[in-house]
Amino acid sequence: MLRFAPSPTGDMHIGNLRVAILNYLVAQQRKEPFIIRIEDTDKLRNIEGKDTEIMQILEKFSLPHESVFHQSEHLHIHQTLAIRLLENDKAFICTCTPEQLEADREASKAKKIAYRYSGRCEHIDKSQHNALKASGEPFVLRIKKPNSDIVNHDLIKGDIKTAPNEVDAFVILRADGTPTYNFACACDDMLSGVDFIIRGEDHLSNTPKQKHIQTQLGYEQESTYAHLPIILNTSGKKMSKRDDASSVKWLLEEGFLPDAIINYLLLLGNSKAPKEIFTLPEAIAWFDIENISKSAAKFDIDKLRFINREHLKKMDDKALSLLFDFADENIGKLAKLYLEEASTTKELKSKIDAIFKAKDFQNEWEKEMMLIKELIQNAPMIDNFDDFKTHIMKESGLKGKSFFKPLRLLLTGAAHGPELSDIYPLIKSYLLEIAS
Ligand code: GLU
């Protein structure tokens with residue numbers, strides 16, 4: 001079982017989308033279910049509506065899931081499991097105040113050693129629990145640190161051994177009774193039977209903690225992990241909100257096709273892909289997650305543009321025309337003529353819009369444009385460009401630049417572009433509307 005576990009705390013980052021795509025893809029390869037878990041336990045960071053937005057994005061990218069739930073629905077289960085650890089002596093009540101913890105941190109800093117929990121509350125006797133609860137003094141639950149190293153074989157990062165002190169005795173239930181991320185995540189993966197976890201490498205240090213929680217809860221299923229390297233921007237820094245292209249919403253608004261974005265993200269850090277242009281269903285047949293490089297990959301918008309263009313070329317003409325509010329394969333073909341100079345649907349739309357909008361006659365070719373427009377409005381339907389050109393030239397007496405420049409402006413709304421002889425057959429049935 002695989003899962004995508006987004007936090008509804010902001011616009012979906014391409015790194016998250018990559019995680020979703022890979023979990024979906026591996027689930028397909030293994031013929032196992034793919035589920036969605038909205039990790040909404042951090043109430044202060046949740047943003048209303050982001051959960052719906054995430055689901056809409058998954059739908060746009062055609063990543064169907066078996067089921068979806070909000071992690072907060074499991075609050076009582078998380079609490080019950082935390083208390084079970086307490087009862088089994090695998091967790092303890094900690095009443096350390098934030099001031100005490102801060103002082104411990106400062107002391108470690110002064111000694112230039114890594115901060116570890118002091119162990120101050122580890123031996124609070126169970127007989128004191130009731131009195132403690134009755135006193136109203138705030139407390140958290142901490143899991144005891146492990147007795148031995150935690151070893152994890154990561155499919156991308158290799159073998160990673162974490163010493164007990166590094167795992168440390170960490171908080172699993174906060175003073176307000178809510179679970180921490182690591183605890184909720186480990187419990188839910190266990191309860192859902194998730195045993196293959198693909199996520200960003202920012203979670204690498206959480207893995208031993210989550211494995212420790214599951215072991216202490218008596219879960220014996222070994223999970224497979226793959227932690228994906230971060231994505232860097234062009235200046236070699238981690239792609240952040242400040243980089244427009246890090247937002248999936250932005251990429252879609254700019255006119256990158258979901259299929260092209262998927263194609264690009266599956267190529268990131270993967271030099272062993274057998275081809276450059278492909279769809280997700282094709283990749284399911286050959287993709288190997290272990291081929292992803294363990295070092296960071298650089299996001300290259302020009303490469304994405306190239307891939308987008310290739311997917312646009314392959315798109316069904318009529319389906320493409322729908323993006324410009326037509327249902328006419330000729331308009332799809334017309335858009336494809338512009339793929340030399342445009343690479344997104346937004347850029348193509350501006351070309352198509354320029355053709356269909358009322359023309360601007362305020363330029364050096366005003367007189368000629370008016371004349372040609374009149375002739376087009378009164379001309380019979382002419383099938384091919386040569387006959388059309390001969391007819392208008394003859395009737396107008398214009399030739400050379402004085403004919404072609406105004407004709408192009410009138411037909412395309414632009415001074416430059418693809419050959420008029422290629423454009424004409426695709427727009428001839430709209431000539432009266434276009435030449436106006
Ligand atoms: N909610 C976490 C995130 O969005 C993912 C946790 C996980 O995959 O384990 O980064």
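Ligands are counted one by one from 1 in listed order, and the atoms in each one are counted from 1 as well. Every heavy atom of this structure was used, including side-chain atoms; hydrogens, water molecules and symmetry mates were not. Given the structure is predicted, the values throughout are model-derived calculations rather than measurements.
Remark: R120 engages D104 in a salt bridge, criterion side-chain N to carboxylate O under 4.0 Å. The existence of a salt bridge linking D168 and R116 is excluded, since no basic side-chain nitrogen approaches an acidic carboxylate oxygen closer than 4.0 Å. Residues E310 and K314 are not paired through a salt bridge, judged by the lack of any N-O separation under 4.0 Å between the basic side chain and the carboxylate.
The single protein non-hydrogen atom nearest to atom 4 (O) of ligand 1 is S7 OG, 3.4 Å, given as residue, atom name and distance. Closest protein heavy atom to atom 6 (C) of ligand 1: Y181 OH, 3.1 Å. The protein non-hydrogen atom at the shortest distance from atom 8 (O) of ligand 1 is R3 NH1, 2.6 Å. Ranking the protein heavy atoms by distance from atom 9 (O) of ligand 1 puts R199 NH1, 2.7 Å first.
Interface atoms of ligand 1 facing C185, defined by a heavy-atom separation under 4.0 Å, are 9 (O). Short contacts between ligand 1 and E39, defined as distances under 4.0 Å to a heavy atom of the residue, involve ligand atoms 1 (N), 2 (C), 5 (C), 6 (C).
Figure legend: cation-pi geometry between R30 and F196 absent, as NZ or CZ is not positioned both under 6.0 Å from the six-membered ring centre and within 45° of its axis. Judged by the 6.0 Å and 45° rule, K209 forms a cation-pi pair with F170.
Looking at A5 next to ligand 1, an N or O pair under 3.5 Å apart turns up. Below 3.5 Å of separation, one finds no N or O of D202 facing any N or O of ligand 1.
Of the options H203, Q71, R37, Q210, the smallest heavy-atom separation from atom 10 (O) of ligand 1 is shown by H203.
Note: W286 and F278 have perpendicular aromatic rings, judged against thresholds of 30 and 60 degrees for the angle between ring planes.
Remark: the backbone N or O of E122 is not paired with any side-chain donor or acceptor of K144 at under 3.5 angstrom.
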